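For reference, the structure discussed in these notes is given below.
Every chain is numbered from 1, with letters handed out A, B, ... down the list of sequences. Since this is a predicted model, take the numbers as computed values, not measurements.
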2 protein chains.
Amino acid sequence: MPNPRSMTVLIDPAFSDAEKAINNAFSQRRTLLVVGNCSIDYSGRASSSLTPGDRIVIAKADGSFLIHRSLGNEPVNWMPKGNVVFNVQHMEHGLEIRAIRRKPSESIRVSFANIRLIAALDLADSAEFSLNASEQDMQKAILLKPELLEEGIKPISWEKKVEPGFIDVYATDKQGRLVVVEIKRKTAGKDAVLQLTRYIEAIKRKADREVRGIIASPGIGKDVQRLLAISGLEFKYLDPKKCAETLRHTKMRRLPEYLGENPS
Amino acid sequence: MPNPRSMTVLIDPAFSDAEKAINNAFSQRRTLLVVGNCSIDYSGRASSSLTPGDRIVIAKADGSFLIHRSLGNEPVNWMPKGNVVFNVQHMEHGLEIRAIRRKPSESIRVSFANIRLIAALDLADSAEFSLNASEQDMQKAILLKPELLEEGIKPISWEKKVEPGFIDVYATDKQGRLVVVEIKRKTAGKDAVLQLTRYIEAIKRKADREVRGIIASPGIGKDVQRLLAISGLEFKYLDPKKCAETLRHTKMRRLPEYLGENPS
DNA sequence: AATTAAATTTCGCCT
DNA sequence: AGGCGAAGTTTAATT
């Protein structure tokens with residue numbers, strides 16, 4: 001018994017059977033998969049029509065609706081989740097599936113002249129999707145290979161505790177100045193600048209030295225860039241993908257001797 | 001015999017059978033559909049991982065690769081067509097499907113712990129997708145709402161017969177000059193300019209008045225633009241989508257009184 | 001709720 | 001082949 005979850009599959013069903021199965025799938029909030037020859041009409045934000053052909057139709061429990069042709073990455077017609085109602089009807093010459101939603105008001109009608117396969121599925125999937133590299137990966141990459149940031153940078157510590165929080169990477173540059181690095185996995189926003197500013201002020205209160213502030217991220221907003229310049233801070237482009245690669249290539253290496261195993 | 005095209009369906013197959021069926025599907029360039037419990041790793045433009053769960057996997061003949069979860073409009077992982085190679089392997093504890101492409105270099109590995117459904121499909125689909133509004137819709141929109149074109153335009157007739165053919169929209173502008181409008185649903189080419197030129201010459205032969213010529217389309221070629229300028233004609237950007245929207249919002253309204261029910 | 005910005009954007013068209 | 005711009009973009013984050 002490999003599958004605790006139930007699944008209903010019909011091959012080349014009669015329209016009457018298909019209608020029942022599809023209705024069941026909808027009322028049970030199952031994922032519906034239909035393959036068959038159909039024509040499609042869409043009306044809503046735009047409108048479109050597609051004469052008959054074999055397609056794959058997927059109706060999900062949240063209202064997401066997808067129709068795929070034999071080629072191409074993107075669905076030829078679709079409907080995003082949100083206020084979507086599905087409905088099926090056995091017509092004179094075929095079977096119609098409709099997806100209707102309000103706000104924005106739109107509807108798709110799929111008219112099947114022929115159905116080859118129906119599957120009603122309970123897809124058990126509670127896994128969380130994780131997009132790498134994480135911010136932590138980026139931090140590790142910088143610690144292992146500081147030249148990713150700038151030639152001559154030497155990390156002193158990471159996750160250094162200061163008044164407002166924790167500094168991602170704390171370092172010195174070639175000229176011996178202190179460097180505070182704030183890492184963002186995505187495009188840096190104003191919040192990143194604010195954070196960095198607070199860290200630097202905290203450092204300056206303790207050490208009466210010149211302190212540089214660097215935001216390391218794959219991008220930065222246009223106006224954030226201005227804010228950064230005004231605040232006398234710097235931006236360094238850092239690609240999460242490149243960080244991941246760096247980690248992969250150096251993961252067996254230990255941290256440099258001047259860094260202990262634990263953050264200071 | 002409802003289906004001239006062949007289709008292979010396996011329900012809860014053994015991995016060895018699954019491997020054969022999938023290999024066949026790949027070598028025969030069929031559309032492959034797999035439902036089962038799998039984990040996914042992606043590495044390429046970014047990288048991601050997803051722990052096990054039930055998903056729908058679609059591999060198309062052009063290399064398009066899609067993995068859908070139970071919810072959401074968009075695939076959790078995917079690969080666009082282009083230099084993609086599929087491959088399948090029966091492992092110790094399951095079955096792996098790989099999609100690999102170069103330029104950009106990326107790969108997806110789908111590791112099935114369990115397969116519930118396999119379908120290998122020949123999707124016969126030669127239909128052409130048509131996104132409305134049609135040229136006719138654009139014409140209607142202009143007639144209903146001439147300000148789409150220009151403030152003060154007053155349509156006189158549509159599909160007006162002249163020597164070389166039919167004028168899409170015939171009108172007067174604010175200054176009382178005659179206006180000939182040529183509508184194109186897509187980017188206008190030299191043919192549109194030629195057509196328009198001929199219509200204008202035909203009108204000028206009859207009416208000894210100043211005549212303007214306007215091409216209304218969602219775009220125009222760079223060199224066509226030059227040709228247009230040389231010919232003393234004009235281009236007006238007109239969005240088919242906006243036209244469709246205009247029609248939707250005004251479809252119950254009748255044509256203005258100065259226009260009859262039939263073209264002149 | 002509306003606005004803005006990013007996306008493994010994809011896709012088509014043009015150079 | 002590379003670059004630009006639009007999309008029924010979608011989606012997440014922010015105001």
Side-chain angles (χ1 to χ4, degrees), chain A residues 40-50 62-69 71-82 84 99 101 103-108 129-133 184-192 194 217-225 239-242 244-245, chain B residues 40-50 60 62-68 71-84 99-108 129-133 186-189 217-225 237 239-245 248:
Chain A
I40 305 164
D41 289 279
Y42 163 72
S43 174
R45 289 169 286 178
S47 65
S48 72
S49 60
L50 185 57
D62 62 354
S64 305
F65 193 50
L66 302 162
I67 302 159
H68 274 274
R69 302 186 72 175
L71 302 176
N73 201 45
E74 300 227 321
V76 62
N77 283 111
W78 70 95
M79 195 168 286
K81 67 186 172 192
V84 177
R101 90 162 164 168
K103 207 170 183 277
S105 168
E106 51 185 351
S107 74
I108 297 178
F129 179 73
S130 88
L131 188 67
N132 308 321
K184 290 292 170 196
R185 195 177 68 82
K186 300 208 233 174
T187 297
K190 280 185 291 188
D191 51 335
L194 238 71
S217 72
I220 187 161
K222 197 84 176 183
D223 32 356
V224 180
Q225 180 98 50
D239 187 2
K241 176 166 145 35
K242 188 163 188 178
E245 201 165 322
Chain B
I40 305 164
D41 290 280
Y42 164 71
S43 174
R45 290 168 287 179
S47 64
S48 71
S49 60
L50 185 58
K60 297 188 185 182
D62 63 353
S64 305
F65 193 50
L66 301 161
I67 302 159
H68 274 274
L71 302 176
N73 201 43
E74 301 228 321
V76 62
N77 283 111
W78 71 94
M79 195 169 286
K81 66 185 171 193
N83 316 313
V84 178
I100 300 163
R101 90 162 164 168
R102 281 134 169 75
K103 213 169 177 290
S105 168
E106 52 185 351
S107 74
I108 297 178
F129 179 73
S130 88
L131 187 68
N132 308 321
K186 300 206 231 174
T187 297
S217 72
I220 187 163
K222 197 84 176 184
D223 33 355
V224 179
Q225 179 97 51
Y237 169 80
D239 187 2
K241 176 164 145 33
K242 187 164 187 178
C243 288
E245 201 167 321
R248 213 176 314 131

A:D41 side chain to A:S48 side chain, donor-acceptor N/O pair below 3.5 angstrom: no
Side chains of A:S49 and B:S130: do they bring a donor and an acceptor to under 3.5 Å? yes
Sorted by chain and residue number, the side-chain hydrogen bond (donor to acceptor under 3.5 Å, both in side chains) partners of A:S64 (sequence neighbours excluded) come out as A:D62
In whole angstroms, the gap separating C1' of D:dA7 from CE of A:M79 amounts to 17 Å
Is A:F129 touching bases, backbone alone, or none of the nucleic acid, heavy atoms closer than 4.0 Å? base
Check your understanding: For the side chain of B:R101 and the backbone of B:M79, is there at least one donor-acceptor N/O pair under 3.5 Å apart?
Key -> no
Listing for DNA chain C: consecutive Watson-Crick or G-U pair runs of at least 3, distance cutoff 3.5 Å, ranges ordered by first number, gives C:1-7 with D:9-15, C:9-15 with D:1-7
So CD1 of A:I108 and OH of A:Y42: to nearest 0.5 Å the spacing works out to 7.0 Å
Scoring nucleotides 10-15 of chain D by protein non-hydrogen atoms under 4.0 Å (B base, S sugar-phosphate only, - none) yields SS----
- [ ] Apply the test side chain to side chain contact (heavy atoms under 4.5 Å, CB included) to residues A:N73 and B:F65: give CA-CA distance (whole Å), side-chain angles for both, the deciding distance (0.1 Å), then the verdict.
- [x] CA-CA 7 Å; A:N73 201 45; B:F65 193 50; 6.0 Å; no
Of the listed D:dG8, C:dT8, D:dA1, the closest approach to the B:K103 side chain comes from D:dA1
Kindly indicate whether the side chain of B:L66, heavy atoms from C-beta on, has any atom under 4.5 Å from the side chain of A:H68. yes
Check whether any side-chain heavy atom of B:R102 lies under 4.5 Å from a side-chain heavy atom of B:I100, and answer yes or no.
yes
